[in-house]
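Each remark here refers to the structure printed beneath this line.
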4 protein chains.
Amino acid sequence: MPKIGMEPIRRKALTDAAIEAIGARGSMHVTMSDIAGRAGVSPALAHHYFGSKEHLIAESVRSLLRDLRADADRALKAAANHRARVSAIIAVSFSDKQFSDEVVAAWLAFYVDAQRAPEIGRLLSIYARRLHSNLMSGLKPLAGESDAERIAEGAAAMIDGLYIRKALGAGPARHDAVALVEDHIETQLSELRRRTI
Amino acid sequence: MPKIGMEPIRRKALTDAAIEAIGARGSMHVTMSDIAGRAGVSPALAHHYFGSKEHLIAESVRSLLRDLRADADRALKAAANHRARVSAIIAVSFSDKQFSDEVVAAWLAFYVDAQRAPEIGRLLSIYARRLHSNLMSGLKPLAGESDAERIAEGAAAMIDGLYIRKALGAGPARHDAVALVEDHIETQLSELRRRTI
Amino acid sequence: MPKIGMEPIRRKALTDAAIEAIGARGSMHVTMSDIAGRAGVSPALAHHYFGSKEHLIAESVRSLLRDLRADADRALKAAANHRARVSAIIAVSFSDKQFSDEVVAAWLAFYVDAQRAPEIGRLLSIYARRLHSNLMSGLKPLAGESDAERIAEGAAAMIDGLYIRKALGAGPARHDAVALVEDHIETQLSELRRRTI
Amino acid sequence: MPKIGMEPIRRKALTDAAIEAIGARGSMHVTMSDIAGRAGVSPALAHHYFGSKEHLIAESVRSLLRDLRADADRALKAAANHRARVSAIIAVSFSDKQFSDEVVAAWLAFYVDAQRAPEIGRLLSIYARRLHSNLMSGLKPLAGESDAERIAEGAAAMIDGLYIRKALGAGPARHDAVALVEDHIETQLSELRRRTI
DNA sequence: CATGAATGAGTTTTCATTCAT
DNA sequence: TATGAATGAAAACTCATTCAT
């Protein structure tokens, strides 16, 4: 059994394991051994492939973002109109996969870690900008630049807030979370339409 | 240098130092030495008074919550009517003191730590419930139980989300944050008034 | 309320508390705070009176020995004849006071501490010699120097062994312990009488 | 320098070093650094293999007991008759290896530690029971159940007592210790034979 | 006489990381 | 490619002891 071409397999297994471990514990307080163990390899191998825990974590965040982006792109492509684009983004944010206990807990842990690790901060800022621009792509045609900006900002904050509340175990269920954000958007748009008439 | 009655002084200095240290580093990754050093005492004294790091942290969260509650109570007392009560709560959440980089970073760190330390989780849940009930006390008379519930939920999520974004350095400034939440509330109430006419 | 003449009272309270604490925990792993707390004073006062934990412990051992000696002296005085003197010593060794769980545990702890603290070792050697000479005072007239020596040595070892087994919770009850040593002595004396006829 | 299969070697070296260190100091007051240093490894490695000091100590006691049992089994196998079995057990208890200053001091330290650590207590109880049953296996055929019980109990106490006295530096030499216990047994059996005729 | 305040020195434990194989 | 072996550095926690009052 040739042991060739293992690198991509191991890297994937390790970043998945890192997210899993961090999500399970709800904090960065996981050891390389934990992570490597979950991936079925030795801690030394994790180092071999990533150089340091720092790098492995950063790569894991990147993987999470890639995943989220792919989901968002797919959902946007399927959206029939501007309004549907906005709903698509919201739906992805609260999909079973993204809004699972584990992934939410991992996100929150990464947010905190961003304070210490600039690279993580950079990556999360990218996510924040992308969420904003995704929302804007649907809202701008409906509300105009300035109002869209305000509505998107509010929706984004609400989404992040619902994540934090979920992590605390105090937030609404998946379905209600979607309703809350949709309601915010709908009410804002409705008010806008009324005024501009 | 009085040598008696130091206990309350030291306890206060230590919980303040803990929040300061955690806020500065943006995570629980602070040592008892860091904290004690900021308070101008030895790590051993911190243990002497609190028994463990765990207890010191919990006490610090309690102190933060007491502070927030006192601010909220003061602000509510000064509010002339229901609508003003809602604005008072929002204003307190984004006051210079509560929305400072340091305090926001500490809050976020505590949120993550809540995953590991049930006591912290309990305390943060209390905060979440109190924020909700404070908002409800103003909104219920204006919107009725069920709609008030929805509006408060959305506002609370938005507030928490703005905290997380602030911690990431990606959020709006203090003033815009208030505007965003106020706008959410105002729009929701306005829409409601329109419908119920 | 004059605070004069407290010294002997405090010293007694502290040595008693030390034995109590060590007996309760079954090892020297007691803190000055434990001891002082049991004596109802501050750790600082214990230091004031004894200078160091080392000295307090040594004084506690001395106190235990004084007590044992007083009991032995009383019992010997009441003994009608040589044989009764031997039984008196055995009875004292297994009296309710000396053979209590607490005192036995303290003795054992002191034995171990003697390895580290020469002063404790010196004191325990005094006890060993005194036990031996007390037994000898009764046995020599009955068995002659050389045989008395052997019988006393065996009895002393048996007594110490019964202490160790009691500490482990594996030994016989107080009454059976006495019977065992008495049986050893009686059998030895009886065998001796038979031979010397 | 082979780099594989070190685990059993290190484990053995560490338990040996623990007994050595505890024996040398005569108490449990040895640090992981002491022990690891004697074994020629870092304290971290000791933790790596045993998880905690507690576990390392327990394993060391187990090792001591295994050793003693092996010696006893060997000696019993070589014994020609019942009386020889009894002597074999006594001889093993006072063999050069088991009755060395170091091992005796370690035993005593373990006895005290048993008060605090239930696992150690359990192990020492096993030893006490085994010593008893080993003595009984030789004595019962010679003296009958009830008398054998009493003789064994006395002999076991005497053996333990001689250990404690050795640790204190107050006991008889190896040879005299054996003579004392043998004399106890022989006298008891002789008295018994005389009576039952 | 008595103590609350305070600490230095020491101990166990954890963990990312390195390295020889 | 992969790992078992090993450690240095750091952190929480303990406790005898000192000192000012």
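Each chain gets a letter, A, B and so on, in the order its sequence line appears, and its residues count up from 1.
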Might you work through the salt bridge (Lys or Arg N to Asp or Glu O under 4.0 Å) test for Asp16(B) and Lys12(B), ending with a clear yes or no?
CA-CA 6 Å; Asp16(B) 284 357; Lys12(B) 179 73 167 64; 2.7 Å; yes
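- Following rounding to the nearest Å, Ile35(C) (CD1) and dT14(F) (P) show an atom-to-atom distance of 18 Å.
- Summarising the local packing, CZ of Arg38(D) is surrounded by more than 12 heavy atoms from other residues, nucleotides or ligands at distances under 6.0 Å.
- Of the residues near DNA chain F, Thr31(C) and Ser42(A), the one whose nearest nucleotide (by heavy atom distance) lies more toward the 5' end is Ser42(A).
- Of the candidate nucleotides dA12(F), dT7(F), dT17(F), dA12(F) has the atom nearest to the side chain of Met32(B).
- Checking dA5(F), dT17(F), dT14(F) against the side-chain heavy atoms of Ser52(C) singles out dT17(F) as nearest.
- Distances were taken from every side-chain heavy atom of Lys53(D) (C-beta onward) to each of dT7(F), dA12(F), dT13(E); the shortest belongs to dT13(E).
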Salt bridge (Lys or Arg N to Asp or Glu O under 4.0 Å), that's the test. Do Glu119(D) and Arg122(D) meet it? Break it down for me.
CA-CA 5 Å; Glu119(D) 176 68 2; Arg122(D) 218 179 47 77; 3.1 Å; yes
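- Comparing atom distances between the Leu45(C) side chain and each of dA2(E), dT18(F), dT13(E) picks out dA2(E) as nearest.
- For Ala44(A), counting side-chain heavy atoms from C-beta on, the closest listed nucleotide (dA5(E), dA12(F), dT18(E)) is dT18(E).
- Using a 4.0 Å heavy-atom distance criterion, Tyr49(D) is classed as a sugar-phosphate-only contact.
- Summarising the geometry, the separation between CE on Met28(A) and P on dA16(E) is reported as 11 Å, rounded to the nearest angstrom.
- In this model, the phosphate group of dA5(F) is not approached by any side-chain N or O of Arg10(D) to a distance below 4.0 Å at OP1 or OP2.
- Distance Asp34(A) CG to dT14(E) C1': 12 Å, rounded to the nearest Å.
- Atom CD of Glu54(A) and atom P of dC15(E) are 17 Å apart (whole Å).
- In this structure, Glu7(A) reaches neither bases nor backbone, as no heavy-atom distance under 4.0 Å exists between it and the strands shown.
- Environment of NE2 in His47(A): crowded, with over 12 heavy atoms of neighbouring residues, nucleotides or ligands closer than 6.0 Å.
- Atom-to-atom distance recorded for Phe110(B):CZ and Ile57(B):CD1 is 6.0 Å, nearest 0.5 angstrom.
- Pair assignment for dG10(E): dC13(F), on the basis of Watson-Crick or G-U wobble contacts that are both within less than 3.5 Å.
- As a whole-Å value, the separation of Ile57(D) CD1 from dT12(E) P is 9 Å.
- One interatomic measurement links the two molecules: CE of Met6(B) to C1' of dT7(E), which rounds to 14 Å at whole-angstrom precision.
- Look at NE2 on His48(B): it is 9 Å from P on dG4(E), rounded to the nearest Å.
- Summarising the geometry, the separation between NE2 on His47(C) and P on dG4(E) is reported as 15 Å, rounded to the nearest angstrom.
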